[in-house]
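Let me begin by presenting the structure, written as C-alpha cells, before commenting on it.
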2 protein chains.
Amino acid sequence: MRVSTRYSDAIHLLAYLNIYADTKLTSDAIAASIETSPVVVRRLMSKLRQAGLITTTPGTAQPVIAKPLTQISLLSVFYAIEGDKPLLAVDPKTNPDCIVGGNIQTVLKQYYQDAQTAAEARLAKTSLQDVVDNLLVEQAKKDARS
Amino acid sequence: MRVSTRYSDAIHLLAYLNIYADTKLTSDAIAASIETSPVVVRRLMSKLRQAGLITTTPGTAQPVIAKPLTQISLLSVFYAIEGDKPLLAVDPKTNPDCIVGGNIQTVLKQYYQDAQTAAEARLAKTSLQDVVDNLLVEQAKKDARS
DNA sequence: CTTCCTGTAACTTGTTTGGTTACTACTATT
DNA sequence: AATAGTAGTAACCAAACAAGTTACAGGAAG
C-alpha cells in the first residue's frame, strides 16, 4: 500500500520552521526544501493549523510552532495529517452468507487495531525535538566529513 | 490514497480454503465469498504460491494450504502479499542543500522502521489458526442469536 | 475430445496524490 | 492609499495504482 509522503513532508515542514526560524519562512522557501510546490506546503500548514500545532497569519511569512517541540510527538503530527486513517484496511464488502465473509471484518479489525496501536505507541515516543536533534547530529557528521 | 484490501482478502482466502476444504474450491467460489472477481483471486493465489503458503495445480480446483495453520502468521501473509513495502513512506526527494532536506530521510527512516517493527511484532503473534478459531466463534454467536 | 479450471497478459475504470493555475484577501512598506 | 508580497483555497490536471474485465493458452479429468 503505497502511502503518501504527506506525513513525511509535514514532519519536514515543522523541523524546517524550527531550524530556520530566523529566516523568511515563506511557503516558497519551505517548498524549495521539500522540493514541492508552495501550494502543497500551504495545504500541509492548513492541516497543521487545524490541529493546533502551528499558528499562521495571512499575508505574513511567519508560521509559528504553537508548542514546545518536546510536546509534539510524531503521533500527533500523524493524526494532524492523516486523521484516523488506518494503516491496514479491511475489505468492507464480503459475502455475509459465508462463515468467512460474514465475520472476517469483525475478526481482522481487532488484529489490525492491535498492530496499529503498537506502531502508534512507537510514534508517540518520539518528539519533534528528537527529530531536530538528530537532524543536527547528521548534519554535523556530514560537515566533519567535508 | 485508497488503501489496498489485498492483504485483507488474502487472509480471507486462506481462511476460506481451510473452513471450506471439503467443497469445490474454484476461484469462482472463493471470489463469491470475497465479492470480487475470479481473476483477482487467482492473482492473490499466485502471490501466496510464490511465498510457499499454498500449492495449486493448474486445471484443478484444489488449492491446498502448504503448512499447518498454526505455523502461518499474519505477518508471513503480509510479506507474501506486500513484500517489503513499508507502511509509512519517507519522501525520497528533498533538497540536499538544506539541513532538513539533506538529512530527513536518514532520520525518519529509523523512526518509521521502529514503528513498523512494532506493528509487525503484533502481526507475527497471530496465526491463521487464531483467525479461523475466531471466525467460528463469531459465527456461533450469530447462530445463537437467530 | 470435451468440459472445466488455472495462470497470466492486456486493457479499462475509478480513486488518490501531488502539481498547477487562478483568484481573493490580508500585511507591511512606502 | 497605493503597491508589492504572501497566505488561503478552490478548481483543474496528470501520474500512479488498485481492482475489475476480457481474452486466451494450457493443464486435468471424465
Side-chain angles (χ1 to χ4, degrees), chain A residues 1-10 12-13 16-17 20 23-51 53-64 81-83 85-95, chain B residues 1-10 12-13 16-17 20 23-51 54-64 78 81-83 85-95:
Chain A
M1 58 208 72
R2 171 99 302 172
V3 172
S4 92
T5 59
R6 276 178 304 186
Y7 176 40
S8 164
D9 291 339
H12 184 145
L13 194 162
Y16 187 95
L17 292 187
Y20 291 100
T23 67
K24 211 175 167 194
L25 296 171
T26 64
S27 46
D28 268 285
I30 303 168
S33 172
I34 303 183
E35 290 193 354
T36 182
S37 79
V39 175
V40 170
V41 170
R42 294 202 285 268
R43 283 203 282 242
L44 286 174
M45 288 203 290
S46 178
K47 291 268 194 186
L48 295 173
R49 187 169 0 98
Q50 285 169 45
L53 298 184
I54 64 173
T55 58
T56 63
T57 321
T60 71
Q62 286 169 337
V64 174
I81 299 299
E82 302 293 341
K85 199 178 76 179
L87 293 175
L88 298 170
V90 179
D91 190 335
K93 186 167 155 293
T94 57
N95 188 344
Chain B
M1 177 207 81
R2 178 158 162 235
V3 182
S4 155
T5 59
R6 275 178 304 186
Y7 176 40
S8 164
D9 290 340
H12 183 145
L13 193 163
Y16 187 95
L17 293 187
Y20 291 99
T23 68
K24 211 175 165 192
L25 296 172
T26 65
S27 47
D28 268 284
I30 302 168
S33 173
I34 303 182
E35 289 193 353
T36 182
S37 80
V39 174
V40 169
V41 170
R42 295 202 285 266
R43 282 202 282 242
L44 286 174
M45 288 203 291
S46 177
K47 291 269 194 186
L48 295 173
R49 184 170 1 98
Q50 286 170 44
I54 63 173
T55 58
T56 63
T57 322
T60 70
Q62 287 168 336
V64 174
F78 181 80
I81 299 299
E82 303 293 342
K85 209 173 354 170
L87 292 175
L88 298 170
V90 179
D91 190 335
K93 185 167 157 292
T94 57
N95 187 345

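Throughout, a chain's letter reflects where its sequence line sits, starting with A, and its residues are numbered from 1.
Remark: A:K93 is not in phosphate contact with D:dA19, judged by side-chain N or O atoms under 4.0 Å from OP1 or OP2. Phosphate proximity of D:dG5 to A:K24: absent, as no side-chain N or O sits under 4.0 Å from OP1 or OP2. At D:dA10, none of the side-chain N or O atoms of A:R43 fall inside 4.0 Å of OP1 or OP2 (strictly under the cut-off). Under 4.0 angstrom from either OP1 or OP2 of C:dT27 there lies no side-chain N or O belonging to A:T60. OP1 or OP2 of C:dT8 lies within a sub-4.0 Å distance of a side-chain N or O belonging to B:S46. Between A:R42 and D:dA7 there is a side-chain N or O to OP1 or OP2 distance below 4.0 Å. Between B:T26 and C:dC4, a side-chain N or O to OP1/OP2 separation shorter than 4.0 Å is absent.
Using a 4.0 Å heavy-atom cutoff across all strands shown, A:L25 reaches sugar-phosphate atoms only and no base atom.
C:dT8 atom P lies 13 Å from atom CG of B:L44, rounded to whole Å. Rounded to an integer number of Å, the gap from B:I81 CD1 to D:dC17 P is 18 Å. One atom, CD of A:Q62, and another, P of D:dT6, lie 12 Å apart when rounded to the nearest Å. For the pair A:I30 CD1 and D:dA7 C1', the computed distance is 11 Å after rounding to whole Å. One interatomic measurement links the two molecules: NZ of A:K47 to C1' of D:dA7, which rounds to 18 Å at whole-angstrom precision. B:M45 has its CE atom 13 Å from the C1' atom of C:dT8, to the nearest Å. Taking atom CZ of B:R49 as the reference point, atom C1' of C:dG7 lies 7 Å away to the nearest angstrom. One can place CG of A:D28 at 14 Å from C1' of D:dA4, the figure rounded to the nearest angstrom.
We find the CD1-CG distance between A:I30 and A:L44 to be 9.5 Å, quoted to the nearest 0.5 Å. A distance of 12.0 Å separates CZ in A:R43 from CG in A:D9, rounded to the nearest 0.5 Å. Put simply, CD on A:Q50 and CD1 on A:I81 are 9.5 Å apart, with the number rounded to the nearest 0.5 Å.
The side chain of A:T5 approaches C:dG18 more closely than any other nucleotide in the set C:dC5, C:dG18, D:dG27.
Listed in residue order, the members of residues 31-39 of chain A having a heavy atom less than 4.0 Å from DNA chain D are A:V39.
In plain terms, the two heavy atoms of B:D91 and B:K93 that are nearest each other are OD1-N, 3.1 Å.
Inter-residue side-chain proximity for B:L88 and A:L87 is flagged as met; some heavy-atom pair is nearer than 4.5 Å.
The backbone N or O of A:A29 lies less than 3.5 Å from a partner atom in the side chain of A:T26, making a donor-acceptor pair.
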Under the side-chain contact (heavy atoms from CB on, under 4.5 Å) rule, what do A:L17 and A:I54 come out as? Steps first, then yes or no, please.
CA-CA 10 Å; A:L17 292 187; A:I54 64 173; 4.1 Å; yes

